[in-house]
Amino acid sequence: MAKIDTRLPKGMRDFLPSDMLKRDYVFGVVRDVFETFGFEPIDTPVLEMRDTLLGKSGEDADKLIYYAQHPGGKEELALRYDLTVPLSRFVAMHENDLLMPFRRYHIAPVWRGDRPQKGRYREFYQCDADIVGIPDMSADAEIISVVATALKRLGFADFTVKVNNRKILTAIGIFSGVPDAQLGSLYRSIDKLDKIGLNGVVKDLRDNGLPEDVVNRMVGLLDLRGENVPSLDMLAHLREQLDGIGLGQEGITELEQMVEFMDALAVPSDSVEIDVAMVRGLSYYTGPVFETVITKPDNLGSVTGGGRYDELIGLFRKQSLPTTGTSLGIERIIDLLDLLDLYPPELTGTVVQVLVTVFGADTQRDSMRLTSELRAAGIHAEAIMQLQKSLGKQVQYADRKGARVVAFLGPDEIASGVVKFKRLSDGQEVTAARDRATLAVRDLLAE
RNA sequence: GUGACUGUGGUGCAGUGGUUAGCACGUCUGACUGUGGAUCAGAAGGUCGAGGGUUCAAAUCCCUCCAGUCACCCCA
């Protein structure tokens, strides 16, 4: 008989138990850091009304949104593309129940109909933290701080949070004399600076039909972005260049304030870089924008992204609320943790701590009783359920599974009222009285 | 949406026109009926991505489709 094809939707994945344990570990660390910073958890439906999502993140994003429909349903639905737009809807909808400022975190899957490739999936989790209701740069500095703290707690040593401000980008456009219609392609060219270099950007700009004097003015500005120029000096320089352009002055002041606040929050200055060539594609950003790259293996793209979007909530409510936040991309973080092997040693690939063997039908109930006692003491325990399995196979099963301790409860032990435990890592065995069994296991697990 | 590369047991690969398609790892069984990682012996497991064409003969050459990977765009 023909078997049903097992394939999954493109870009979507199953997770084995060992994968899930890693994921849960990462989620746990991130959640813990978020809560340390005073962010509260929320959740929203995976489906939203189509109109809620469309037209918020840009044309490119709209094309990636999945539509979801019940055959008999009249509502036009879509799978959420990110957690930011749902938050905006959520705030406008529940403002009566929210205290401002509202700091929330949200860890949940989102869907994008993108072509999958390394570090990119069609279904993936985002971990977002946002502060609603604060226009001040102290909020943006908090966001950078929470990002840096989470990455550090996960074990990353070499990462850079890049910071820029959309107002500066706009000012660069004004300064150089780029017509509004071409601002988009201007940003796109600038964004490629790291990849294709200054000459590449110049070529790109010319190819896009920008006049030579415009290109030259632009190059003068981008040249400021030298690696060795201290950030604040560079901003002062930029301030002179953009003299008379109000938006640019504003953006620079905001960055300067952020730097001060980050300093007060003890964000290590060597993990933050002001990069006036960092753009970010989502259209709702209005001020500071952030993005993190892991600098050591440096091939997986950004692991966090965010920024300030002061107008977005205004689409769902008479008056907008100033909001800033970030998203951590758990999938890329996990790929990197795998690569760098940064997991704590206690992640063994199984939740089972003790595997209880079974000698035969006549001792099975004793094994079950012991298992139950271990569980009551909070020890993760599993009993063998196949009576015909040889003892060797049972121990092998425990070993392959990754259980740390095996319990033996055969006729001899039962007769003398004891139980024998063996720690698989070093083969050490201890025999303990039945009423001291859980203590003995705890000792073996502790080392 | 654009481009490049790749599809052979569960996984990784070999096989580039010629008998029943091989190897490694993994799986299962046994040596080992009260103790794992090692060793040895044996077994199971494949419509060679799908369809069509060329040929006496196709995993191998050609065409189409499908799928996967990577890159661009964009993004986490």
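This structure is a prediction, so every number in the text was calculated from the model and none was measured. Residue numbers begin at 1 in each chain, while the letters A, B, ... track the order of the sequences.
On the C1' atoms, A44(B) is 11 Å away from G9(B), given to the nearest whole Å. Here the separation of C56(B) from U19(B), taken at their C1' atoms, is 15 Å to the nearest Å. Comparing the same atom, P, in A4(B) and in A43(B) gives a spacing of 47 Å after rounding to whole Å. A distance of about 42 Å separates the P atoms of C48(B) and C32(B), rounded to the whole Å. For the C1' atoms, the distance linking G7(B) with U16(B) amounts to 16 Å, nearest Å. Nucleotides U60(B) and U55(B), compared at atom P, are 16 Å apart to the nearest Å. A24(B) and U20(B) have their C1' atoms separated by 22 Å, with the value rounded to a whole Å. Comparing A67(B) with U8(B), their P atoms are spaced 16 Å from each other, to the whole Å.
Distance, D82(A) CG to C75(B) C1': 11 Å, rounded to whole Å. Note: CG (L16(A)) to C1' (G10(B)) measures 13 Å, nearest angstrom. One can place CZ of R115(A) at 13 Å from C1' of C74(B), the figure rounded to the nearest angstrom. Distance Q117(A) CD to G1(B) P: 15 Å, rounded to the nearest Å. Between D204(A) atom CG and C73(B) atom C1' there is a gap of 12 Å when expressed in whole angstrom units. Here the P atom of nucleotide C74(B) and the CZ atom of R332(A) are 14 Å apart, to the nearest Å. Taking atom NZ of K389(A) as the reference point, atom C1' of C28(B) lies 10 Å away to the nearest angstrom. Residue M278(A) contributes atom CE, which lies 13 Å from atom C1' of C75(B) at whole-angstrom precision.
Within the 4.0 Å cut-off from OP1 or OP2 of G68(B), at least one side-chain nitrogen or oxygen of K10(A) is found.
Counting non-hydrogen atoms under 4.0 angstrom, I330(A) reaches nothing in the nucleic acid. Nucleic acid contact class of D114(A) (heavy atoms, under 4.0 Å, all strands): base. Counting non-hydrogen atoms under 4.0 angstrom, K192(A) reaches the backbone sugars and phosphates but no base. T304(A) comes within 4.0 angstrom of sugar-phosphate atoms only, judged by non-hydrogen atoms across all strands, and of no base. Residue contacts shown for Y397(A) are absent, as no nucleic acid heavy atom lies under 4.0 Å away.
Counting only N and O atoms by type, the side chains of R423(A) and Q428(A) include a donor and acceptor under 3.5 Å apart. For the residue pair D114(A) / Y121(A), no side-chain donor-acceptor distance below 3.5 Å is found, with atom types taken as modelled. A side-chain donor from one of R80(A) and T44(A) sits under 3.5 Å from a side-chain acceptor of the other. For the residue pair E35(A) / Y105(A), a side-chain donor-acceptor distance below 3.5 Å is found, with atom types taken as modelled.
The OH atom of Y125(A) lies 13.5 Å from the CG atom of D128(A); values are rounded to the nearest 0.5 Å.
Put simply, the residue from N165(A), L169(A), N164(A) that forms a side-chain contact (heavy atoms from CB on, under 4.5 Å) with V276(A) is N164(A). Checking R13(A), R120(A), Q126(A) one by one against E331(A), the side chain to side chain donor-acceptor pair (under 3.5 Å) holds for a single residue, R13(A).
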B/S/- contact track for nucleotides 32-38 of chain B, protein heavy atom under 4.0 Å = --BBBB-
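Both key distances under 3.5 Å define a Watson-Crick or G-U pair, and stretches of 3 or more such consecutive pairs in RNA chain B run B:1-7 with B:66-72, B:10-13 with B:22-25, B:27-31 with B:39-43, B:49-53 with B:61-65.
Annotation for D14(A): atom CG does not count as buried by contact number, only 12 or fewer foreign heavy atoms lying within 6.0 Å. In E212(A), the CD atom is crowded: over 12 heavy atoms of neighbouring residues, nucleotides or ligands sit closer than 6.0 Å. Atom CE of M93(A) sits in a sparse spot, with 12 or fewer heavy atoms from other residues, nucleotides or ligands closer than 6.0 Å.
Side chain of T371(A) to main chain of S367(A): a donor-acceptor pair is present (N/O by atom type, distance under 3.5 Å, no hydrogens or angles).
Mapping P9(A) and E291(A) onto RNA chain B by nearest heavy atom places P9(A) at the nucleotide closer to the 5' end.
For C74(B), the base has no donor-acceptor partner in the side chain of R188(A) [N/O atoms by modelled type, under 3.5 angstrom].
Contact record, E373(A) with T438(A): O-CG2, 4.1 Å, taken as the closest heavy-atom pair. For the residue pair K56(A) and D51(A), the shortest heavy atom distance occurs at NZ-O, 3.0 Å.
Proximity of residues 143-153 of chain A to RNA chain B (heavy atom under 4.0 angstrom from any strand atom) is not detected for any residue.
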